[in-house]
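The structure appears right after this line, and notes come after that.
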Amino acid sequence: MTTLTTHPDVDETQRVLPRPKRIDGIPMGRIVGVELRKMFDTRSGFWLMASIAIAATLATGAVILFASDSSITYDSFGAAIGVPMTVLLPVVAILSVTSEWSQRSGLTTFTLVPHRGRIVTAKLAATLVVGVTSMLVALGIGAVGNVLGSTIKGVDTVWDISLNQVLSIILANVLGMLVGFMLGVLIRNSAGAVVGYFVFAFVLPTLSALLAGSQAWFRDLQPWVDFNFAQTRLYDGALTAAEWAHLGVTSAIWVLVPLLVGVRLVLRSEVK
Amino acid sequence: MIKVESLTRKYGGFTAVDDITFTAHPGRVTGFLGPNGAGKSTTMRVMVGLTPPTAGSATIGGRRFADLPNTGLEVGVLLDASAQHAGRTGREILTLAQRMMGLPRSRVDEMLERVSLTPAEAGRRVRNYSLGMRQRLGIATALIGEPEVLILDEPANGLDPAGIRWMRDLLRDYADQGGTVLLSSHLLHEIEVIADDLVVIGNGRIVAQGSKAELLQTAGTYVRATGQADLAGALTGSGIEFTRSGDGFRTDADPEHVGKVAQAAGVPLVELRTADGAGLEDMFLELTADTSREGAAA
């Protein structure tokens, strides 16, 4: 409502309500900015983000301390940093979604922007910005470690990861975050979604490997249905055309479809 | 202006809100009164798009809430003061709202001052807030966009008496300056002192609505005389039905009529007044007796 019923006896100098105003919509960039801020503005959120840099530093330090001279290569640092990232980044993605329900802040969020699709899109964008930035920071820390390590040990600095590999590794982690995001919108509960992620990332692959080891029919099928199997290839360097196809098909089954179902649930469910 | 038309919300076989229609007008405080579980919160959640209605509609100034371009600048909403991320500071929660609405940064401090949260309190995390402090923060979030419509669910919960007084004055000011205020409560006294209009709801249905004056009017008259038998005779003689209430009588007739009857019969009265206060309470209990958990026994 943009018109006001003014009472003649109201002292105009005491007005707290504004005169009729022109109201513009909320641009998407602003929503992304606010969602990004919300990923950092709690103590747990801040330390989760900080732990990405801390874990990358610790992993780098461990390589310098424990790796043999010949293993002081960028590939070793990249592999060491990759392990904590595959756990931390999906959790970042999960919490960005589920906190709205678990902490009930969604009541305010979805009232200020009563279009849940816009909020979900903004959260996804913010998550991807954090994911890519984190990977670049982590790989940067690894690069510093590589220079430092080779200098300390007196060996040549070996840069054995190509730009293509760097992009593949980032893609692998972004896919991992999408899994987290998918579980977030699907489950909408922090604890449940984190548990769901561990089942997805650690229990399912084990079962799949067992099945492939014992059942011949599954062995040929596995690349087409096991998402982790297809995703892990990204860490090993360039993918063949068949491997890209595997990745596309398994991502569609395990990430895209449930993501769409989850988003639909978010759009339709009641926020309490 | 808030307009609710034939709004219904069902959960499976249970009807939480059953075909309710009412309007909250600009310049007035509309009290949404009902026992717990009557459907007040569900109605308010439907108004702001958090719950889809089964049938009917709610509009703000003629538009659906979801069609407002920047809702915070047009409707201030406080549904549950406890629904905040416990790990954020009060100032941060207000800052998020300020940013989302695209307001100047200075507004955050202005609002903190307006709701009497000190800088030290604003810097604390919400998990350490009392319910009263959360309500103040929630009010600040609702007011920061200077909206013309306020929708507040049980805003006085957890406030101390001074806080309730403060809230009452604030909402009064808002309405006096042309704002539309809708606030819910299950406490009669709270609503009675602030609302201009009342919508009383029980088991999902509206059981009474109108201006407070009208509703009080229907609550009748309290009359008392030293000569009780004479008064009773006079009333009966004029065909006025009454019931005994304390030392006097209670009747649906208006006070002037009762006074004239007593005068004509020469019965000196010691008390004659509209049955206010307790009247509204009786009305509330009566209206909700069929629907409240305690039944008529209350």
When A:V271 is tested against each of B:L79, B:L50, B:T51 for side-chain contact (heavy atoms from CB on, under 4.5 Å), which residue passes? B:L50
Enclosure of B:E113 CD (heavy-atom neighbours >12, cutoff 6.0 Å): no
Max heavy-atom pairs within cutoff under 4.5 Å with chain A, candidates B:A66, B:A97, B:G72, B:S41, goes to B:A66
Between B:R28 and chain A, which part of the residue has a heavy atom less than 4.5 Å away: side chain, backbone, both or neither? neither
Contact list (residues 182-195 of chain A to chain B, heavy-atom gap under 4.5 Å, by number) returns none
Are any non-hydrogen side-chain atoms of B:H85 and A:S99 less than 4.5 angstrom apart? yes
When only heavy atoms count and the cut-off is under 4.5 Å, which of residues 107-117 of chain A reach chain B? A:L107, A:T108, A:F110, A:T111, A:L112, A:V113, A:P114, A:H115, A:R116
Kindly indicate whether the side chain of B:Q84, heavy atoms from C-beta on, has any atom under 4.5 Å from the side chain of A:Q103. no
Among A:R104, A:K272, A:E100, residue most engaged with chain B (heavy-atom pairs, under 4.5 Å): A:R104
Can you spot which of B:R125, B:R91, B:R88 makes a salt bridge (Lys or Arg N to Asp or Glu O under 4.0 Å) with A:D41? B:R88
Check this for me: A:R118, atom CZ, are more than 12 non-hydrogen atoms of other residues, nucleotides or ligands nearer than 6.0 Å? yes
Do A:R30 and B:N70 come within less than 4.5 Å of each other through their side chains, counting heavy atoms only? yes
Step through the shown structure and confirm whether more than 12 heavy atoms of other residues, nucleotides or ligands are within 6.0 Å of CH2 on A:W101. yes
Rounded to the nearest 0.5 angstrom, the CD-CZ distance for A:E35 and B:R99 is 13.0 Å
Would you sort out whether A:E270 and B:V46 count as a side-chain contact (heavy atoms from CB on, under 4.5 Å), showing the intermediate values? CA-CA 10 Å; A:E270 201 179 1; B:V46 172; over 6 Å; no
